[in-house]
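The structure appears below as C-alpha cells.
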Amino acid sequence: MLKFINSKIFFLIILIVVIFALYGKSINFELMDLDDKPSITNSLHYISNIKNLPKIFFQDTTYKNKSTYYRPVLMSSFSIETILFGYNTKIYHLSNIVMFIFVIYLIYLFFIKIKLNENISKAVCILVAVHPILTSNVVYVSTRAEMLMAIFLLLSFINFINYVETDKIKNLILFFVFLLPALLSKETAGISIFIFVAFVYAFDYKISKKQIVNSVIFFGCAVAIYMVCRFIAIPNAEASSFATVPILFLNAFNSLMIFTYKIFVPDYIAVLLYDVHITANMIFINSLTVAVLIFAFITKIVDRKKILFCLFWFLLFLFPNFCIYEQQILFHRILVPLIGVEIFIILLTDYLLTDFKWLKKYIVVLYVCLLILFSFLAWVQADKYKTQNDFMVNSYLDDKNRISSIQLIEYCIQQGDFKKARELLAERTKNSLTYRDILQYAALELSEGNIDKAEETYLHLEESITYDTIYKNLSKIYLIKKNYDKAFEYLDKFKKLSQNDTWAVFQEGAIYEACGNYKKAYEVMLSVNGIYAKDKYYTEKLEELKNKAEKTND
C-alpha cells in the first residue's frame, strides 16, 4: 500500500482529484467573445469538416488569411473536438482541464528526470496546480496554446535528456517529434534551444560532439518545417510592432515586478492588464526575492549554476512579452516561465529540510496554509470567466481604456443596453477617436434602428479601410431596406475576407428567404445541419423554410 501511495500513478490520481475539485465547475462556463468565438463558434462549419483539418496547418488563427498569428496545433485541437463531439462547449472546457492535469504531471516527471527531490516536487506541483495565477489557463479555452506548448516542450525536453544519457536514436527522433508541435503551438518554443544549452551546463550533463551536432540538426529541421508552414499560412505577413529599447526595458521592469509579486502574493489577478502601477508592496516582495536569490548564490546553499539556470529559464520564456510595443500583462503566459521558479523553490526547500530538520513542521504548516489560500483564491478567480458578462465586467474593471472597453461596449449593444453602451463610448472617446470607436457608434445606431445614419457611417468607413465588420453590417442594412442585390454584394465582400464564418450562411439564407426563394434558403441553411442539428432555433427555422419551399412548388 505504501508503495502505491508513493507511486507516480497515485500522484496523478491526486492531481486529477484536486484539479477537478477546483476547476470542474468550468465545464459549464461559456465561451468568450474575445478569442473563443472567432476561433470556434463563428467557424463551426469549417472546423467541423475533417477535410479542412490538414489545411489548418497552412492558415492563420482566423482561418481567413487576415491575421499574423499562427497557432495550428491550437486550432486543430478545436477542430478535432468539434469533429468528434460537435459544437459542445462542455467538451472544450473539459479538454482544458485534462490538458492542465497533463501539464502539471509532465512538470513533475521533468523534475524527477532532472533528479530533484521527488516528495518536494510533488508538493510544489500540487501548489502550482491550485495557484490562481494559472486559473485562466484552465477556464479560458483559447489560452490552451500555452498548455499545448508546455506539453510538447516538456516531452521534447525529457527525450532530449534521454538522448544525452543513452545516445539512442529513438530518443533523438522523439525529441524532434515533440519539438515540432511545440513550435506549432506557439513560436516561443523556438527559444528553447538556449535552455537546452544552459541545462546541459547547469546540471553537468556529459554530451558528446556527435550528440551536439545531431541535436542541432534535428532542432534546425523542426524550426525549418515550422517556418515553411508559417510562410505558406502568412505569405505577406506585416512586420509586428516591436518595442524600442527604452520601451523594452520598461516592459521588462513592469512585467517582472508584477509577475514576481503575483507569484508570491496572488491577492488579485487581473483578467486583462495593460497599465502596471508599481506599489510599495510590489517593491518589497521583489526586493525580498532578489535578496533571497543573492543570498543563496553567495552562500552556495543552492548550486550557483542551477540558480542561474532557473533565472535564465524564467527570464528567457518571459522575454517575448517584453518585446511587444503595447505591453500586455496576461497571466496565462506565466505557465512555462514559472517552471524556473518552481525548480529554485524545490532546490531551496530541499536544502532547508536537509540542513535544518527542525524547520520541517513550520514549512508543512506554511504549505497547508498556502494550499488552502491559493485554492480559495483560484476558486474565486475562476468565476470571473463563468459568463461573457462576468468576463467583460472584470476585464473592464482591470483596464478601462483598452480592448476590454471595446468588448464591453459590444456586449452592452448585444444585450440591448444602449444607454450604457453610449456612456462607455463617451468615456472611451473623450480624448481620442479611432476607427474602432466609429465602428461602435455605427453598430449602436444600427441596433437602435437608425438605419440611414448607420449606413452613412459604414459607407464612409468603407472608403478608407477594408474590414469585414463593415461589409457584414452593410449586408444587414440592405437586407432591412430590402435592397437584396446590395445585401448579396456586401455579403460576397464579407465572405472574401471571412469565408469560413458561419454567420455568412445564416445571412445568405435570410436574404434568399426575404427574396421569396425558399428552396434556395432551405438548401443554404441545410449546409450547416450537421452542426446545428440539436439547436432548437435552427431546426424550427429549417422546418419552416422546408414547408414554405414545398408550398411554393405546389
Side-chain angles (χ1 to χ4, degrees), residues 33 37-47 60 62-67 406-407 409-416 418 421 425 434-529 531-532 535 537-538 540-542 544-545 548-549:
D33 285 352
K37 290 190 176 180
S39 302
I40 303 172
T41 311
N42 296 346
S43 305
L44 281 176
H45 74 301
Y46 184 77
I47 64 175
D60 61 51
T62 64
Y63 322 106
K64 303 172 186 176
N65 298 319
K66 59 178 292 187
S67 168
I406 297 174
Q407 293 293 318
I409 292 165
E410 289 178 358
Y411 184 75
C412 288
I413 294 172
Q414 290 170 12
Q415 298 302 305
F418 305 131
L425 260 173
T434 67
Y435 82 89
R436 285 181 177 271
D437 301 319
I438 299 172
L439 279 170
Q440 289 192 312
Y441 273 117
L444 188 53
E445 297 292 351
L446 177 58
S447 299
E448 289 182 317
N450 301 321
I451 307 301
D452 292 335
K453 194 169 183 179
E455 178 189 7
E456 181 183 350
T457 304
Y458 283 125
L459 288 173
H460 179 71
L461 283 169
E462 185 190 11
E463 294 175 0
S464 54
I465 59 173
T466 301
Y467 199 63
D468 56 358
T469 300
I470 296 173
Y471 302 140
K472 180 178 184 177
N473 286 325
L474 281 171
S475 182
K476 285 183 183 179
I477 288 169
Y478 289 120
L479 174 58
I480 294 170
K481 288 190 165 188
K482 298 182 180 180
N483 187 338
Y484 304 127
D485 289 338
K486 282 284 187 180
F488 274 121
E489 177 187 334
Y490 280 101
L491 177 61
D492 289 339
K493 289 183 178 182
F494 172 81
K495 287 165 71 174
K496 286 178 181 178
L497 293 180
S498 305
Q499 66 268 35
N500 300 317
D501 196 315
T502 308
W503 176 86
V505 176
F506 288 89
Q507 178 70 357
E508 186 175 1
I511 299 173
Y512 277 121
E513 182 184 8
C515 291
N517 191 341
Y518 302 118
K519 181 181 178 182
K520 187 65 176 177
Y522 173 74
E523 291 173 353
V524 169
M525 294 290 285
L526 192 62
S527 67
V528 291
N529 185 57
I531 303 168
Y532 295 101
D535 184 90
Y537 169 79
Y538 169 78
E540 289 177 352
K541 189 65 183 178
L542 194 64
E544 178 190 336
L545 289 172
K548 287 182 177 179

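In this chain, residues are counted from 1 in sequence order.
Under the side chain to side chain donor-acceptor pair (under 3.5 Å) criterion, the residue pairs touching residues 440-452 are Arg422-Glu445, Arg422-Glu448, Thr429-Tyr441, Glu445-Asn450, Asp452-Lys481, with sequence neighbours excluded.
In this structure the side chain of Tyr458 reaches within 4.5 angstrom of the side chain of Leu439, judged on heavy atoms. A heavy-atom distance below 4.5 Å is not found between the side chains of Tyr467 and Leu497.
Every side-chain contact (heavy atoms from CB on, under 4.5 Å) that Asn483 has, sequence neighbours left out, goes to Tyr478, Asp485, Lys486. Under the salt bridge (charged side-chain N to carboxylate O under 4.0 Å, His left out) criterion, Glu523 pairs with no residue at all, not counting sequence neighbours.
Judged by distance alone, with hydrogens and angles left aside, the side-chain atoms of Ser475 form a donor-acceptor pair with the main-chain N or O of Ala487 at under 3.5 Å. Judged by distance alone, the side chain of Asp492 and the main-chain N or O of Glu489 form no donor-acceptor pair under 3.5 Å. Using a distance-only test at 3.5 Å, with no hydrogens or angles considered, a donor-acceptor pair links the side chain of Ser43 to the main chain of Pro38.
Annotation for Lys493: atom NZ counts as buried by contact number, over 12 foreign heavy atoms lying within 6.0 Å. For Lys548, the NZ atom sits in a packed shell: over 12 heavy atoms of surrounding residues, nucleotides or ligands are nearer than 6.0 Å.
Ion pair Asp33/Lys37 flagged as a salt bridge, since at least one NZ, NE, NH1 or NH2 atom sits closer than 4.0 Å to an Asp/Glu carboxylate oxygen. Contact check on Glu456 versus Lys453 returns no salt bridge, with no Lys/Arg side-chain nitrogen under 4.0 Å from an Asp/Glu carboxylate oxygen. The pair Lys520-Glu508 does not count as a salt bridge, with every side-chain nitrogen at least 4.0 angstrom from each carboxylate oxygen.
In summary, the side chains of Tyr512 and Asn517 do not present any donor paired with an acceptor at a separation below 3.5 Å, with no hydrogens or angles considered.
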